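Keep in mind that this is a model prediction, so the values were computed, not measured. Convention: sequence-line order gives letters A, B, ...; per-chain numbering from 1.
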Amino acid sequence: MNILAAVGIEVPFTLPIVDYNAIAPLLILLGAGVVSVLVEAMLPRGSRRFIQLFIVFGALVAALAWIFTITGVRVITAEGAIAIDGPALVMQGAILVLAILGALLMAERSIDPSGDAFAARASALPGSEDEKQFTARGYLQTEVWPLFLFAVSGMVLFVSANDLLLMFVALEVMSLPLYLLAGMARRRRLLSQEAALKYFLLGAFSSAFFIYGVALVYGYAASTQLPAIASVLTAKPGQTSLALIGMALILVGLLFKVAAVPFHQWTPDVYQGAPTAVTGFMAATVKIAAFGALMRVLYVAFGGMRWDWVPMMWIIAILTMLVGSIIAISQSDIKRMLAYSSIAQAGFILVGVIAASPAGLAGALFYLIAYGFTTIGAFAVISMVRDESGEATNLSKWAGLGRKSPFVGSVFALFMLALAGIPLTSGFIGKFSVFAAAIASGDTWLVIVAVVASIIAAFFYVRVIVVMFFTEPGPQTASVEVPSVFTTIALAAGATVTLVLGILPQPVLELVSNADLFIR
Amino acid sequence: MNPANYVILSAILFSLGAIGVLVRRNAIIVFMSVELMLNAANLAFVAFARMNGNLDGQVAAFFVMVVAAAEVVVGLAIIVTIFRSRRSASIDEPNLLKY
């Protein structure tokens with residue numbers, strides 16, 4: 001078009017058509033993120049925390065409320081770059097609810113006597129005089145809130161991106177703040193910084209694979225929009241080698257975020273090193289966002305190449321389930337154990353993705369929601385179990401905890417049973433719907449492997465319960481700090497949803513089955 | 001000149017970057033190698049834009065450049081923090097998180 005203008009032909013400028021109603025939740029979050037940055041720059045230190053919390057919770061609740069008003073919207077907007085459809089709305093809603101719980105954990109200030117979960121000043125050297133001064137003065141690093149808001153906006157965009165280029169931008173908007181949040185823990189700062197470094201270098205490496213894959217797919221299809229790629233695939237089915245390589249590289253990037261084996265190496269380190277509140281938030285929401293993007297790419301763009309990606313995903317799903325479950329058995333740190341557990345759970349969700357049917361999609365969505373609430377609740381408990389050095393994450397310090405604090409112990413036991421997939425918890429319904437969908441699609445062998453893997457996984461979940469309840473509490477046993485209302489709400493919400501989804505799953509099952517498919 | 005050659009060059013650059021990430025030991029150099037991979041993607045985008053005869057690829061290259069710049073900001077912040085607390089930017093030394 002510029003060429004036409006250069007030779008003197010008038011080209012009328014046409015505005016792109018954007019359905020602002022459908023993307024309003026995203027705009028609210030991004031706008032709040034910008035305001036939040038300005039608050040950091042302009043307001044005095046003392047008033048920032050209160051105002052930031054007001055902005056964060058206001059934006060999250062407003063975006064969530066808006067999603068409830070547009071539940072019937074099925075539209076591709078912004079010149080084909082954003083698709084707001086049933087699965088996208090369900091996942092956006094789930095991400096926002098879990099982000100509210102994550103924000104509650106991050107806002108907690110009464111568990112740690114010296115402040116919240118984040119370093120008083122992330123730039124001060126660990127162990128230095130500066131750090132002591134900042135901590136003694138009670139400084140808080142309120143910059144975490146803008147970062148948090150941008151991460152949530154990235155996730156909300158990621159699940160509805162209908163264009164590979166926009167998906168890449170959303171991936172980075174989601175990941176970059178998380179790299180920083182992972183490195184800002186108040187205690188054990190060297191571990192936290194190391195986690196941030198590993199997360200960043202590996203994350204940047206994997207997103208480079210993603211964008212190179214996008215470039216190759218663009219070379220094949222002459223477009224980065226998912227439906228356009230699908231129609232080119234049907235138009236010239238013979239010469240797909242460029243699309244195949246491109247798809248494989250894109251999948252490397254997405255499976256890294258999902259934490260599937262062999263792209264899982266970052267997960268245990270980051271889950272262990274990051275502040276527990278951030279780990280809980282990240283474990284629950286990034287999983288949903290990454291699976292949303294993965295399913296959209298596989299179903300919408302590469303649905304025509306199903307027979308090429310199914311064998312590849314079979315191998316990855318089997319490896320993910322087995323490696324995650326088996327390595328988790330040998331872990332002695334509870335955060336690290338939950339990291340391997342999250343790898344195994346990613347494998348179970350992949351079983352539903354491979355089914356590539358409406359039932360498989362609905363099962364995966366249900367599993368993601370159930371897993372998110374359980375995980376965030378489990379990390380809420382971990383943030384409360386402490387000794388004099390901070391959080392007591394070593395399993396040996398959990399010995400007898402259930403007898404010392406029966407209530408918190410039982411709640412944690414509930415989360416462990418849900419992750420193991422015991423009936424009457426949300427985990428069972430999730431596993432059942434995913435496995436049933438896979439059998440209906442003819443993947444019986446995959447389900448057999450998945451059942452074996454979940455039996456292995458049940459071992460280490462139940463072991464935590466045994467350690468907590470069938471050991472006498474000793475001098476080593478950590479104690480449970482009484483949290484403020486923030487963590488209490490997050491914990492109560494996680495436990496309630498885990499239980500209710502196990503006993504009365506019907507409303508949410510209907511929600512995910514009525515979400516239809518991804519629109520093209 | 002045949003634009004396909006540029007695609008091959010971009011694949012070579014991408015591989016060099018990937019090898020750099022895997023074998024180098026300094027966090028800054030590792031990070032530079034990641035940037036090389038992103039720029040290889042840019043070259044591929046532009047070459048394919050020429051071959052496909054539309055502008056989408058050139059626009060994509062701009063987006064990738066902006067994202068790469070944002071990544072530099074975050075990445076250098078993390079690497080500098082690590083360097084200040086450890087007096088070294090080697091990626092072999094931070095090894096507290098294992099098993």
Give me the ring orientation class for Phe210(A) and Phe168(A): parallel if the planes are under 30° apart, tilted from 30 to 60°, perpendicular past 60°.
-> parallel

Please look at Gln193(A) and chain B and tell me whether the side chain, the backbone, both or neither of the residue comes under 4.5 angstrom of a heavy atom of that chain.
-> both

Compute whether any side-chain donor of one residue and acceptor of the other, for Asp130(A) and Ser128(A), lie under 3.5 angstrom apart.
-> no

Structural part of Ser10(B) lying under 4.5 Å from a heavy atom of chain A | both

Chain B contact via Leu125(A) - side chain, backbone, both or neither, heavy atoms under 4.5 Å | both

Max heavy-atom pairs within cutoff under 4.5 Å with chain A, candidates Ser33(B), Gly57(B), Ala44(B), goes to Gly57(B)

Contacting moiety of Ala49(B), where chain A heavy atoms sit under 4.5 Å = both

With a 4.0 Å cut-off, would you call Glu194(A) and Arg86(B) a salt bridge?
-> yes

Check whether Leu147(A) gets within reach of chain B through its side chain, its backbone, both or neither, counting any heavy atom under 4.5 Å.
-> neither

Is the shortest side-chain N to carboxylate O distance from Arg188(A) to Glu391(A) below 4.0 Å?
-> no

Under 3.5 Å donor-acceptor, Arg84(B) side chain and Ser123(A) backbone = yes

Toward chain A, the part of Ala11(B) with a non-hydrogen atom under 4.5 Å = both

Select one option (side chain, backbone, both, neither) describing which atoms of Ala61(B) are under 4.5 Å from chain A's heavy atoms.
-> neither

Could you label the plane-to-plane angle of the Phe14(B) and Tyr212(A) rings as parallel, tilted or perpendicular, counting under 30° as parallel and over 60° as perpendicular?
-> parallel

Distance only, no hydrogens: is a donor on one side chain within 3.5 Å (strictly under) of an acceptor on the other, for Ser175(A) and Lys257(A)?
-> yes

Could you check Phe263(A) against Leu251(A) for side chain to side chain contact (heavy atoms under 4.5 Å, CB included), going step by step and ending with a plain yes or no?
-> CA-CA 10 Å; Phe263(A) 316 108; Leu251(A) 287 184; over 6 Å; no

Identify which part of Ala122(A) has an atom lying under 4.5 Å from any heavy atom of chain B, answering side chain, backbone, both or neither.
-> backbone

Side chain / backbone / both / neither for Phe63(B) at chain A, heavy atoms under 4.5 Å = side chain

With a 4.5 angstrom heavy-atom cut-off, could you sort out which part of Leu13(B) is near chain A: side chain, backbone, both or neither?
-> neither

Please flag which part of Val214(A) lies under 4.5 Å from any non-hydrogen atom of chain B: side chain, backbone, both or neither.
-> both

Going by the angle between their ring planes, with limits at 30° and 60°, are Phe200(A) and Tyr179(A) parallel, tilted or perpendicular?
-> perpendicular

Of all of Leu164(A), Leu190(A), Val169(A), Val173(A), which one pairs up most often with chain B through heavy atoms under 4.5 Å apart?
-> Leu190(A)

